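For reference, the structure discussed in these notes is given below.
Note that this is a predicted model, so its numbers are computed, not measured.
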Amino acid sequence: MEASLVFRLHERGPEVVREVLLERGWEEYDEERREEEDWNLYWRGSAFRNSEYLNLLPWQRLNHHPKTVGITRKDCLARNLRRMRATFGSSLYDFSPTAFILPNDYTRFLSEYNRLSRGPSLYWICKPVDLSRGRGIFVFEDIRELVYDCSVIVQQYVSNPLLISGYKFDLRIYVCVKSFRPLTVYIHQEGLVRFATEKYNLSSLHNLYAHLTNTSINKFGPFYRTEKERVGRGCKWTMSKFRHFLQSQDVDELLLWQRINNIVTLTLLTIAPAAPSYANCVELLGFDILIDERFKPWLLEVNNSPALTLDCQVDITVKKRLIGDLIDLMNYTLTDSMREQGHLFQYLCLKKANIRSKGNHLQTLPKIKTHRHRDRIHQRQHAFAVDYQRHLPPVHLNKTYATKVVSGNKSNTKDRTLNLILGPQSRTDVSAVNRRTWLTDDRSLCVSEFTNRDGTETEAEADVVSSTIREIPHGGLGFRREKLPNMYSGIRREGTERPAALNRQHVPLRVGDFIRTFPFNTATLTASQHSLDVRRVIQELHRLTAQLASREKMKRREEEEQREGEEDFESLLWGPKDPPLLRQCVRPF
């Protein structure tokens, strides 16, 4: 099927996208020889025009949703977060320092600066609103150093970042928005950890190689190729290696990832109610997250076209897998290869519009000017959509999801649903290419199938997924084979409603390393389906996070009780006059 698919890159486009698609057997679009609509995927760095969204055919995909600039441009993001903070409270939207857009907010910033300058030393960061790759960013303490010649935002600088061997870092989290109606969000398990190339030092605010983590800046630093303590050469880790670091520090990784997941969801909620819904569009976003020394994540910015250049081996490992999973998430089917029959459907639509073709056989029709004949375009799309639906798998809202559990010689059919947040024992995977749902369990084989409400069954497909063992770099000592738990694992609610509607609509739980993080239950699906109920979504996020936080407190309480028990035992075993050296010598025995 993929041999008949065509991709189109704007102005050559990212090389890694071309490489991955060619390896899969795709064909590249020829701007000179091919017709205007003879492509399946159009990839470009900037946003598309409204007419390109309106005239999108069923077999075509675009790599951008319209109007995402509300979070990808720094000043728009600051305005939207300020609006949400005023509506839902500063305690919820506290993951980004208050931003002042200059020169408009200069009076407000001056007042805040004078108020805070009476306390301990504070630092500020200035960023141009429409520049990327760290250009024009600087950190300052004295307002007299604030000099700018374009629109900028000024924020309080997070001066207590978490350091690894003295180096500052941030996380590049890759997020795919599959749809805005309903809101459907996937987060990639593998991402990038980007380091500064000089040790963090507040006494040298002008040293960009110590305070900025952008690779486009640090790859020109004097210590980029130097073997740095624990960081190694270059300035990047994979997310898997960072997770090994968190485990070595005994950090509650689950709660950290849930907080990052909340940042992603709450940020998207700022634009989701007003975002237009177009079929066959996906958006790959790059969320830059900073973690402070208290393990609180902070949102730095959102990138609408995250860099896909391959600067090092870490880039090759992460980004090639990322693009491959993104293509799978676009869910190409055999229907998409019907691109070449477009003229047939165009002919049928034109015939309905009383435009007759000469002769009794089909002829090549002239190209339609889309901006002049919108009604004909809509008629053509509607006619094709009718035939298009006939080729889709039988998954609709009027069907329920059930699983047949085969154990020994007995089989039972029962409703089974999967939460978005998986447990660490879960091995669920979903392939968007063949539209199969894969379920596996240590004790039984689950065959997934769709059943109608009247009890009749449709065709079922069964597969078994073995647990995935990956080679993960660890500690600079080569590769060791180890399976990390799902970073977006969570707790299942017992005795609560099951998200069966998610399975009825066939919203894949996992595609490659993309994990669906929203919707994560029936309530969030219902709240995001038509008119987005932001308050209901926020309530569900708060409830889930509170459960994880309470579990963390319980774990800490158990550890403290165990520690106190050990101390009480030692106090009974040893007297106050016993020498400490004797205690240390006897303890191992």
Side-chain angles (χ1 to χ4, degrees), residues 74 78 94-100 102 105-106 108-129 131-150 152-172 192-237 242 245-246 249 251 288-301:
K74 298 181 184 65
D94 64 341
F95 52 81
S96 179
T98 303
F100 302 92
L102 305 185
D105 295 338
Y106 183 79
R108 292 179 59 247
F109 167 66
L110 186 60
S111 175
E112 184 74 4
Y113 175 85
N114 292 332
R115 185 180 67 84
L116 296 176
S117 61
R118 302 167 189 170
S121 298
L122 287 178
Y123 305 90
W124 304 84
I125 185 168
C126 179
K127 308 175 185 178
V129 298
L131 294 182
S132 59
R133 302 192 297 275
R135 293 173 294 176
I137 298 179
F138 63 92
V139 183
F140 66 94
E141 182 180 8
D142 192 337
I143 196 172
R144 290 174 293 184
E145 301 176 23
L146 178 58
V147 179
Y148 54 93
D149 58 358
C150 62
V152 298
I153 67 168
V154 175
Q155 291 176 301
Q156 186 175 334
Y157 185 55
V158 181
S159 57
N160 61 333
L162 179 65
L163 304 178
I164 297 181
S165 298
Y167 294 92
K168 181 182 176 181
F169 68 92
D170 72 352
L171 308 180
R172 168 59 62 85
L192 294 175
V193 184
R194 308 180 304 174
F195 286 88
T197 51
E198 295 189 25
K199 291 196 173 183
Y200 184 73
N201 187 358
L202 282 173
S203 62
S204 58
L205 297 179
H206 300 291
N207 185 0
L208 298 180
Y209 302 119
H211 292 277
L212 300 186
T213 57
N214 304 72
T215 305
S216 55
I217 291 177
N218 281 278
K219 66 182 179 181
F220 297 109
F223 300 102
Y224 175 72
R225 301 187 181 279
T226 305
E227 188 71 25
K228 296 173 283 296
E229 181 185 358
R230 196 163 193 169
V231 175
R233 294 172 62 87
C235 62
K236 290 180 182 178
W237 275 4
F242 177 64
F245 167 77
L246 292 178
Q249 301 298 310
V251 177
D288 292 342
I289 304 292
L290 176 71
I291 301 175
D292 66 17
E293 58 187 10
R294 296 174 296 176
F295 290 96
K296 176 181 178 179
W298 294 86
L299 175 65
L300 300 181
E301 62 181 47

Counting only pairs under 3.5 Å, give me each side-chain donor-acceptor contact of residues 163-171, with atom names and distances, residues two or more places apart or in other chains.
from   : atom 1 : to     : atom 2 : distance (Å)
Ser165 : OG     : Glu229 : O      : 3.4
Lys168 : NZ     : Tyr157 : OH     : 2.8
Lys168 : NZ     : His211 : O      : 2.9
Asp170 : OD1    : Arg194 : NE     : 3.2
Asp170 : OD1    : Thr213 : OG1    : 3.2
Asp170 : OD2    : Arg194 : NH2    : 2.8
Asp170 : OD2    : Thr213 : OG1    : 3.0

Would you name the heavy atoms of Ala210 and Tyr200 that are closest together and state the gap between them?
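Shortest heavy-atom contact: O-CD1, 3.8 Å.
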
Nearest heavy atoms of Cys235 and Asn218, plus distance in Å
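Nearest pair, atom of Cys235 first, then Asn218: SG-CB, 4.3 Å.
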
What residues, two or more places apart in sequence or in another chain, satisfy salt bridge (charged side-chain N to carboxylate O under 4.0 Å, His left out) together with Asp142?
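Only Arg144 meet the salt bridge (charged side-chain N to carboxylate O under 4.0 Å, His left out) criterion with Asp142.
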
For side chain to side chain contact (heavy atoms under 4.5 Å, CB included), just list the numbers for Leu122 and Glu141, CA-CA rounded to whole Å, side-chain angles, deciding distance to a tenth of an Å, and then say yes or no.
CA-CA 6 Å; Leu122 287 178; Glu141 182 180 8; over 6 Å; no

Thr197 side-chain N/O to Gly221 backbone N/O, donor-acceptor pair under 3.5 Å
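A pair under 3.5 Å: no.
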
Please check this pair: side chain of Lys228 against backbone of Gly234, looking for a donor-acceptor N/O pair closer than 3.5 Å.
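Yes; at least one donor-acceptor contact below 3.5 Å.
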
Verdict with supporting geometry, Gln156 and Leu116, side chain to side chain contact (heavy atoms under 4.5 Å, CB included)
CA-CA 10 Å; Gln156 186 175 334; Leu116 296 176; 4.0 Å; yes

Are there over 12 heavy-atom neighbours, none belonging to Asp149, within less than 6.0 Å of that residue's CG?
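It does not: Asp149 CG has 12 such atoms or fewer within range.
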
Taking atom CZ of Arg225 as the centre, report whether more than 12 heavy atoms of other residues, nucleotides or ligands fall under 6.0 Å from it.
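No - once you tally the heavy atoms of other residues, nucleotides and ligands closer than 6.0 Å, there are 12 at most.
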
Which word best sums up how the rings of Trp124 and Tyr113 line up, parallel for under 30°, tilted for 30 to 60°, or perpendicular for over 60°?
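Tilted, since the angle between the ring planes falls between 30° and 60°.
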
Is the Phe140 ring parallel, tilted or perpendicular to the Phe138 ring (thresholds 30°, 60°)?
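It falls in the tilted class, 30° to 60°.
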
Pair Asn201, Ser203: side-chain N/O donor-acceptor within cut-off below 3.5 Å
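There is such a pair (donor and acceptor under 3.5 Å, judged by atom type) between the side chains of Asn201 and Ser203.
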
Go through the steps to decide whether Ser96 and Gln155 satisfy the test side chain to side chain contact (heavy atoms under 4.5 Å, CB included), and finish with yes or no.
CA-CA 9 Å; Ser96 179; Gln155 291 176 301; 3.5 Å; yes

